[in-house]
*Asks:* 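Take a look at this one; I'll ask things after.
Just so it is clear, the model here is predicted, and its values are computed rather than measured.
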Amino acid sequence: MEQYIQCGDIAENPLYVKELGIHIYTAEEFCYYIFNNTYLLGEDFIRQEVIDFFRIELHMPELADKIVKFYGSSADMGAVLVMIMREIGYYEENQIQQFQNRLDRMNRQSLLERSKERGDLLLDKGRFECAVQIYSQTLQMPRDLRQKPQFYGQILQHMGVAYLRMGYADEAMECLEAAYAELKREEILEQMYYLALQTGKPFAKELECVASSQISRWQAHYMEVETRLQEQSEQETVVRSIGEDNEINLKISQDYLTQRKRAYCHMVMDE
């Protein structure tokens, strides 16, 4: 995994990034953030605070002037960001081209697609409340008939993950039920089954169509995992993949599982 290396000045008053609730202290951190969080960069990301950050905090007035000049020439935000990355020199040119390609791909996407990507990134970063807000906004947008049901089903499924991580089991179940209505996938039924066991609530009616032999396998697996979790120390973390094709990892602490006395775990895996 790429690691951040600090080389330049460190700001006394860092740049706050509300999307992730973090502070950026250096030019290198700034590059690292935009490279790895492209979908969180709204059109208002380059603002006066960013210009002051480079001019005043990092003592880079020439770069600050270039940012102002670029915006004055009606350059889009992507062009400004690429210019900043080249000026700072934290990334190699081939990596900057990767970043440019990512920006180009994002610009070709619809607002609906970019919104989903933004929610997925926030979920992956552990910003669950923000992810739910973005997913909700995405679902409220006019439905794009060009999108396959899989698109909306994934939003609902990932929204269920976010709700569960926030401790809202009822909302999580509602999302999974809606996701199953879109996708009709057995993996979602399995997730609904485990969530019902965890919360002690009645099984969803959708589970009535599942063969008893399959239910028995799920039950056996659930008990196996629950036993294994009880044997682990409180400091250990369980990693579960709940998303399609294992694309979203759900980390639930031992304390969380012990408190509810149920394991919500489908598989234990390493990233």
*Asks:* Could you go step by step and tell me if Gln147 and Glu113 meet the side-chain hydrogen bond (donor to acceptor under 3.5 Å, both in side chains) rule?
*Replies:* CA-CA 9 Å; Gln147 294 290 348; Glu113 292 169 327; 3.0 Å; yes
*Asks:* Can we say Arg217 and Glu186 salt-bridge, meaning some charged N sits less than 4.0 Å from an Asp/Glu carboxylate O?
*Replies:*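 Not counted as a salt bridge, because no side-chain N and carboxylate O are separated by less than 4.0 Å.
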*Asks:* Would you find a donor on one side and an acceptor on the other, under 3.5 Å apart, between the side chain of Arg165 and the backbone of Gly126?
*Replies:*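 No, Arg165 side chain to Gly126 backbone: no donor-acceptor pair under 3.5 Å.
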*Asks:* Given 3.5 Å as the limit, does a donor-acceptor pair link the side chain of Glu57 with the main chain of Glu12, or not?
*Replies:*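 Yes; judged by distance alone, with no hydrogens or angles, the pair exists.
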*Asks:* Please walk me through it: do Gln219 and Tyr193 pass side-chain hydrogen bond (donor to acceptor under 3.5 Å, both in side chains)?
*Replies:* CA-CA 9 Å; Gln219 174 70 18; Tyr193 177 77; 2.6 Å; yes
*Asks:* Please find the pair of heavy atoms, one from Lys184 and one from Ala181, that lie closest to each other, and give the distance.
*Replies:*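 The pair with the smallest heavy-atom distance is CE-O, 3.7 Å.
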*Asks:* Using the side-chain hydrogen bond (donor to acceptor under 3.5 Å, both in side chains) rule, take Glu190 and Tyr194 through it: C-alpha gap first, then chi angles, then the decisive distance, then the call.
*Replies:* CA-CA 6 Å; Glu190 185 176 6; Tyr194 290 141; 3.2 Å; yes
*Asks:* Tell me, do Asp65 and Lys69 make a side-chain contact under 4.5 Å, heavy atoms counted?
*Replies:*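 A side-chain contact under 4.5 Å is absent here.
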*Asks:* Calculate, to the nearest 0.5 Å, the distance between atoms CG and CG belonging to Leu40 and Leu121 respectively.
*Replies:*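 Taking CG in Leu40 and CG in Leu121, the distance rounds to 4.5 Å.
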*Asks:* When rounded to the nearest 0.5 angstrom, what is the spacing between CG in Asp76 and CD in Glu43?
*Replies:*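 Here the interatomic distance stands at 7.5 Å.
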*Asks:* Determine, step by step, whether Leu156 and Leu183 satisfy the side-chain contact (heavy atoms from CB on, under 4.5 Å) criterion, reporting the C-alpha distance in whole Å, the side-chain angles of both residues, the deciding distance to 0.1 Å, and the verdict.
*Replies:* CA-CA 10 Å; Leu156 291 162; Leu183 300 177; over 6 Å; no
*Asks:* Let's go through Gln133 and Leu122 carefully: what are the C-alpha distance in whole Å and the side-chain angles of both, what is the deciding distance for side-chain contact (heavy atoms from CB on, under 4.5 Å) to 0.1 Å, and is it a yes or a no?
*Replies:* CA-CA 10 Å; Gln133 293 175 352; Leu122 288 167; over 6 Å; no
*Asks:* Apply side-chain contact (heavy atoms from CB on, under 4.5 Å) to residues His23 and Val17 and explain how you reach the verdict.
*Replies:* CA-CA 6 Å; His23 292 88; Val17 180; over 6 Å; no
*Asks:* With no hydrogens and no angle check, is any side-chain donor or acceptor of Gln214 less than 3.5 Å from a backbone partner on Val210?
*Replies:*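 Side chain of Gln214 to backbone of Val210: no pair is present.
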*Asks:* Would you give the length of the straight line joining atom SG of Cys175 to atom CD of Gln191, rounded to the nearest 0.5 angstrom?
*Replies:*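 Going from SG on Cys175 over to CD on Gln191, the span is 12.0 Å.
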*Asks:* Starting from Ile46, can I reach Tyr16 by hopping between I/L/V/M/F/W/Y residues whose side chains sit under 4.5 Å apart?
*Replies:*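 In one cluster with Tyr16: Ile46, no.
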*Asks:* State, with a plain yes or no, whether a side-chain heavy atom of Ile84 is found less than 4.5 Å away from one of Lys66.
*Replies:*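 Answer no - side chains too far apart.
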*Asks:* Got Phe151 and Asp144 here, is their nearest side-chain heavy-atom distance under 4.5 Å?
*Replies:*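 A side-chain contact is absent here, since even the closest heavy-atom pair is not under 4.5 Å.
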*Asks:* Compare every heavy atom of Arg114 with every heavy atom of Tyr39, then report the nearest pair and how far apart it is.
*Replies:*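 The answer is CD2-O, 4.0 Å.
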*Asks:* If we check side chain to side chain contact (heavy atoms under 4.5 Å, CB included) with Ile67, which of these qualifies: Glu62, Met83, Glu87?
*Replies:*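 The residue from Glu62, Met83, Glu87 that satisfies side chain to side chain contact (heavy atoms under 4.5 Å, CB included) with Ile67 turns out to be Met83.
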*Asks:* If we only count heavy atoms from C-beta on, is the Leu15 to Arg47 side-chain gap below 4.5 Å?
*Replies:*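 Sidechains of Arg47 and Leu15: in contact.
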*Asks:* Ile10 and Leu58: which non-hydrogen atoms are nearest, and at how many Å?
*Replies:*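 The answer is C-CD2, 4.4 Å.
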*Asks:* Measure the shortest side-chain to side-chain distance between Met141 and Leu111 over non-hydrogen atoms and say whether it is less than 4.5 angstrom.
*Replies:*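 Of all side-chain heavy-atom pairs linking Leu111 with Met141, at least one is under 4.5 Å.
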*Asks:* Evaluate the side-chain proximity of Leu197 to Phe203: yes if any heavy-atom separation is below 4.5 Å, no if none is.
*Replies:*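 Yes, close enough: below the 4.5 Å cut-off.
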*Asks:* State, with a plain yes or no, whether a side-chain heavy atom of Tyr135 is found less than 4.5 Å away from one of Asp120.
*Replies:*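 In short, these two side chains touch, coming nearer than 4.5 Å.
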*Asks:* Output yes when Glu117 and Arg102 qualify as a salt bridge under the 4.0 Å nitrogen-oxygen rule, no when they do not.
*Replies:*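 Between Arg102 and Glu117 there is no salt bridge, as every charged N stays at least 4.0 Å from the carboxylate O atoms.
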*Asks:* Please evaluate residues Gln154 and Lys116 with respect to the criterion side-chain contact (heavy atoms from CB on, under 4.5 Å), reporting the C-alpha separation (whole Å), side-chain torsions for both, the decisive distance (0.1 Å), and the verdict.
*Replies:* CA-CA 9 Å; Gln154 286 181 344; Lys116 176 185 179 297; 3.4 Å; yes
*Asks:* Atom CD in Gln100, atom CZ in Arg86: separation rounded to 0.5 Å?
*Replies:*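 Separation between the atoms: 7.5 Å.
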*Asks:* Can you say whether the rings of Phe30 and Phe54 are parallel (under 30°), tilted (30 to 60°) or perpendicular (over 60°)?
*Replies:*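 Perpendicular: the ring planes of Phe30 and Phe54 meet at over 60°.
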*Asks:* For Glu92, look at atom CD and say whether over 12 heavy atoms of other residues, nucleotides or ligands are found less than 6.0 Å away.
*Replies:*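 For Glu92, atom CD is not crowded (no more than 12 foreign heavy atoms under 6.0 Å).
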*Asks:* Locate the shortest heavy-atom distance separating Ile22 from Tyr33; write the atom from each residue and the value.
*Replies:*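 Ile22 and Tyr33 have their closest heavy atoms at CD1-CD1, 3.9 Å.
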*Asks:* Step by step, work out the salt bridge (charged side-chain N to carboxylate O under 4.0 Å, His left out) result for Lys18 and Glu49.
*Replies:* CA-CA 13 Å; Lys18 63 180 180 180; Glu49 289 89 341; over 6 Å; no
*Asks:* About how many Å separate CE of Met173 and CG of Leu164, when rounded to the nearest 0.5 Å?
*Replies:*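 Here the interatomic distance stands at 10.0 Å.
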*Asks:* Examine distances only and state if a side-chain atom of Arg105 and a backbone atom of Leu103 form a donor-acceptor pair shorter than 3.5 Å.
*Replies:*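 Such a contact is absent between Arg105 side chain and Leu103 backbone.
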*Asks:* Classify the ring geometry of Tyr32 against Tyr90: parallel below 30°, tilted from 30° to 60°, perpendicular beyond 60°.
*Replies:*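 Because their plane-to-plane angle is over 60°, the rings of Tyr32 and Tyr90 count as perpendicular.
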*Asks:* A side-chain contact here means heavy atoms from C-beta on lying under 4.5 Å apart; do Leu139 and Met159 qualify?
*Replies:*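 SC-SC contact between Leu139 and Met159 confirmed.
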*Asks:* Please name the pair of heavy atoms, one in Tyr91 and one in Ile96, separated by the smallest distance, quoted to 0.1 Å.
*Replies:*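 Distance-wise, the nearest heavy atoms are O-CD1, 3.8 Å.
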*Asks:* Is Leu63 linked to Ile56 within one hydrophobic cluster, defined over Ile, Leu, Val, Met, Phe, Trp and Tyr using a side-chain heavy-atom separation of less than 4.5 Å?
*Replies:*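 Leu63 does not cluster with Ile56.
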*Asks:* Could you measure the distance from the CG atom of Asn36 to the CG atom of Leu20? Nearest 0.5 Å is fine.
*Replies:*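 Between atom CG of Asn36 and atom CG of Leu20 there are 10.5 Å.
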*Asks:* Closest approach of Met60 and Ala27, non-hydrogen atoms and distance?
*Replies:*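 In this case the closest contact between Met60 and Ala27 is SD-CB, 4.1 Å.
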